[in-house]
Amino acid sequence: MTDSLSVLIPVFNCSCRDLVDALHEQLCKEDIKWEIIVADDGSDDEQTKAENRAIRSLENVHLIEREVNSGRAKIRNFLAGEALYDRLLFLDGDNSLRNEHFISNYLAHETPIVYGGYDIIHDDSTLLSNLRYRYELKADGNHNAAIRQQKPYQDFHTSNFMVAKEVMTRFPFDERFRHYGYEDVLWGKTLQGNGIAIKHIDNPVTFTDFETNEHFVHKTEEGLRTLHQFADDLQGYSPLLDYDRKIRLLHLTPLFRLMYKMLHKSLLHNLKGNNPSVFKFNIYKLLYFETLRN
């Protein structure tokens, strides 16, 4: 059983106060050495920064405010370097805890990397017009550990995992990834290539913060640009790249670019509206990606 734990939370323009409070309450009940470190990665939202400063009053909780945004990979490497203990639990600050045994569930494992997964709050009455909610709802059945373990490296995300510090030191996140998306996918590929096992368990954090449809589309486009930038590194680890490979082999890229030109306005109208289609969202992603290819 793990006898010490550093909980590491990168944040950018989001409040993590409720999450830290819940973690603090659980950690205080454990007979281990522990700390919580929150690193604000150059936020410019003064309200959330002020809210997060309240956590400094809690025992063993540290808040580090960085002036310049360094990116999703570098901030996690920074947090690993700041940690005192040999076990690191990484969480995203905008998630919530609904499991009162969340910490103890992790402490029971000594595997080098353990991924707990995530679930979503279910609220059709107020969220059914939200594209991110519909997208996550459609994938909800694939979040359990048994399914994730079938593809342990592809079905890994940085939102909720515990790792041995020694592993993080040997295999840090690739700091070329400054923008949204896919730094976790490449890390999974690196781990597989070096024979480092990932154990999947059912110990989820809960996703409750669903951005607007427009913001989700823009964030998705940013992620697709990241995928394009690192396509050579990520071959075999992205279904979208598998589709792209078939399209290129059949010399259909010009056709897909034409389809994007003809359809993107109507697709965006749907995706940003009150009745967004996940099917159309997936079509849009593929068409948008093909406009990025040479």
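Sequence positions, counted from 1, serve as the residue numbers for this chain.
Around atom OH of Y237, more than 12 heavy atoms belonging to other residues, nucleotides or ligands sit under 6.0 Å away. Heavy-atom contacts from other residues, nucleotides or ligands closer than 6.0 Å to CD of E100 number 12 or fewer. The environment of E25 atom CD is sparse: at most 12 non-hydrogen atoms of other residues, nucleotides or ligands sit within 6.0 angstrom. Heavy-atom contacts from other residues, nucleotides or ligands closer than 6.0 Å to CG of N194 number more than 12. More than 12 heavy-atom neighbours from other residues, nucleotides or ligands sit within 6.0 angstrom of NE2 on H122. Heavy atoms from other residues, nucleotides or ligands lying under 6.0 Å from NZ of K285 number more than 12.
Considering all non-hydrogen atoms of both residues, P204 and D119 come closest at CG-OD2, 3.6 Å. Taking all atoms of both residues into account, the shortest heavy-atom contact from S238 to L227 is OG-CD2, 3.7 Å. Taking each heavy atom of R148 and H200 in turn, the nearest pair found is NH1-ND1, 2.9 Å. The minimum heavy-atom distance between L292 and H228, with the atom names listed, is O-NE2, 2.7 Å. Between V163 and M168, the shortest heavy-atom contact is CG1-CG, 3.5 Å. Scanning all heavy atoms of the two residues, the minimum distance from S277 to L271 falls at O-CD2, 3.5 Å.
Under a hydrophobic-cluster definition in which Ile, Leu, Val, Met, Phe, Trp and Tyr are linked whenever side-chain heavy atoms come within less than 4.5 Å, directly or via other members, I201 and I147 are assigned to different clusters. Tracing side-chain contacts under 4.5 Å through hydrophobic residues (I, L, V, M, F, W, Y), one reaches L5 starting from I113; they form part of the same cluster. A chain of hydrophobic side-chain contacts below 4.5 Å, direct or via other Ile, Leu, Val, Met, Phe, Trp or Tyr residues, connects L79 to V167. At a threshold of 4.5 Å between side-chain heavy atoms, the hydrophobic network of Ile, Leu, Val, Met, Phe, Trp and Tyr places Y180 and L234 in two separate groups. Residues L27 and L84 do not share a hydrophobic cluster, defined by chaining ILVMFWY side chains whose heavy atoms lie under 4.5 Å apart.
Using a 4.5 Å cut-off on side-chain heavy atoms (C-beta onward), V7 and L88 make no contact. Between R225 and E221, some side-chain heavy-atom pair lies under the 4.5 Å cut-off. Counting heavy atoms from C-beta on, the side chains of T206 and L97 never come closer than 4.5 Å. Under the 4.5 Å side-chain criterion, counting only non-hydrogen atoms from C-beta, K272 is in contact with H218. With a 4.5 Å cut-off on side-chain heavy atoms, R170 and I196 count as touching. Between E30 and I103 there is a side-chain heavy-atom pair separated by less than 4.5 Å. Counting heavy atoms from C-beta outward, E59 and H24 have side chains that approach closer than 4.5 Å. Between I37 and I9, every side-chain heavy-atom pair lies at or beyond the 4.5 Å cut-off.
If you look at Y153 and W187, their ring centroids are not closer than 6.0 Å. Taking the six-membered ring for Trp, F230 and F177 have ring centres closer than 6.0 Å.
Between F173 and F161, the ring planes are perpendicular. Angles over 60° get that label, and only those under 30° would be called parallel. By the 30° and 60° cut-offs, the orientation of the rings of Y135 relative to F216 is tilted. Using bins of under 30°, 30° to 60° and over 60° for the plane-to-plane angle, the ring pair F102/Y106 lands in the perpendicular bin.
For the pair E82 (side chain) and A39 (backbone), a donor-acceptor distance under 3.5 Å is absent. A donor-acceptor pair under 3.5 Å is formed between the side chain of N270 and the backbone N or O of N275. Put simply, the side chain of R134 gets close to the backbone of L128: a donor and an acceptor are under 3.5 Å apart. Judged by distance alone, the side chain of T212 and the main-chain N or O of H215 form a donor-acceptor pair under 3.5 Å. The backbone N or O of L91 sits nowhere less than 3.5 Å from a side-chain atom of S159 that would complete a donor-acceptor pair. When atom types are taken as modelled, the side chain of D244 and the backbone of L240 share no donor-acceptor pair closer than 3.5 angstrom. Side-chain N or O atoms of D41 include none that pairs as donor or acceptor with a backbone N or O of N69 at under 3.5 Å. No side-chain donor-acceptor contact under 3.5 Å links H157 to the backbone of G117.
Atom CG of N213 sits about 9.0 Å away from atom CD of E211, to the nearest 0.5 Å. From D86, atom CG reaches atom CD of E166 across 9.5 Å, with rounding to the nearest 0.5 Å. Here the CD atom belonging to E214 is positioned 14.0 Å from the NZ atom belonging to K219, to the nearest 0.5 angstrom. The CZ atom of F289 sits 7.0 Å away from atom CG of L224, with the distance rounded to the nearest 0.5 Å. Within the model, atoms CG of L131 and OG1 of T220 stand 7.0 Å from one another, a figure rounded to the nearest 0.5 Å. Separation of atoms CG (L127) and CZ (F210) is listed at 6.0 Å; rounding is to 0.5 Å.
Between K189 and D233, no side-chain nitrogen of the basic residue sits less than 4.0 Å from a carboxylate oxygen of the acidic one, so the salt-bridge criterion is not met. Salt bridge annotation for K49-D44: absent, with no cationic side-chain nitrogen under 4.0 angstrom from a carboxylate oxygen. Ionic pairing of R53 and E65 is present here: one or more N-O contacts between side-chain nitrogen and carboxylate oxygen are shorter than 4.0 angstrom. Note on R76 versus D92: salt bridge recorded, some NZ/NE/NH1/NH2 to OD/OE distance being below 4.0 Å. Taking the charged nitrogens against the carboxylate oxygens, R17 and E51 have no contact shorter than 4.0 Å, which rules out a salt bridge.
Screening I36, V20, L23 for a side-chain contact (heavy atoms from CB on, under 4.5 Å) involving I55 leaves a single residue, V20.
Within the cation-pi definition used here (under 6.0 Å to the ring centroid, within 45° of the axis), R66 qualifies as a partner of F78.
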Requested in this report: Go through L186 and Y182 one step at a time and tell me if the side chain to side chain contact (heavy atoms under 4.5 Å, CB included) criterion holds.
Outcome: CA-CA 6 Å; L186 184 58; Y182 293 96; over 6 Å; no
Query raised in the report: When you look at Y118 and N95, which way does the side chain to side chain contact (heavy atoms under 4.5 Å, CB included) test go after all the steps?
Result: CA-CA 9 Å; Y118 72 96; N95 288 327; 5.7 Å; no
Report task. Take V11 and V38 through the test side chain to side chain contact (heavy atoms under 4.5 Å, CB included) and record every step on the way to the result. Result -> CA-CA 7 Å; V11 297; V38 175; 3.9 Å; yes
Requested in this report: Report the C-alpha distance between N144 and D202 in whole Å, list the side-chain angles of each, state the deciding distance to 0.1 Å, and finish with yes or no for side-chain hydrogen bond (donor to acceptor under 3.5 Å, both in side chains).
Outcome: CA-CA 6 Å; N144 73 71; D202 287 315; over 6 Å; no
Query raised in the report: Step by step, would you call D124 with Y133 a side-chain hydrogen bond (donor to acceptor under 3.5 Å, both in side chains)?
Result: CA-CA 9 Å; D124 287 2; Y133 177 72; 2.6 Å; yes
**Report entry** Steps toward side chain to side chain contact (heavy atoms under 4.5 Å, CB included) verdict (T158, E183)
**Finding:** CA-CA 9 Å; T158 54; E183 79 285 347; 3.6 Å; yes
Query - Stepwise side-chain hydrogen bond (donor to acceptor under 3.5 Å, both in side chains) test for D45 and N13 - result: CA-CA 5 Å; D45 186 325; N13 286 341; 5.7 Å; no
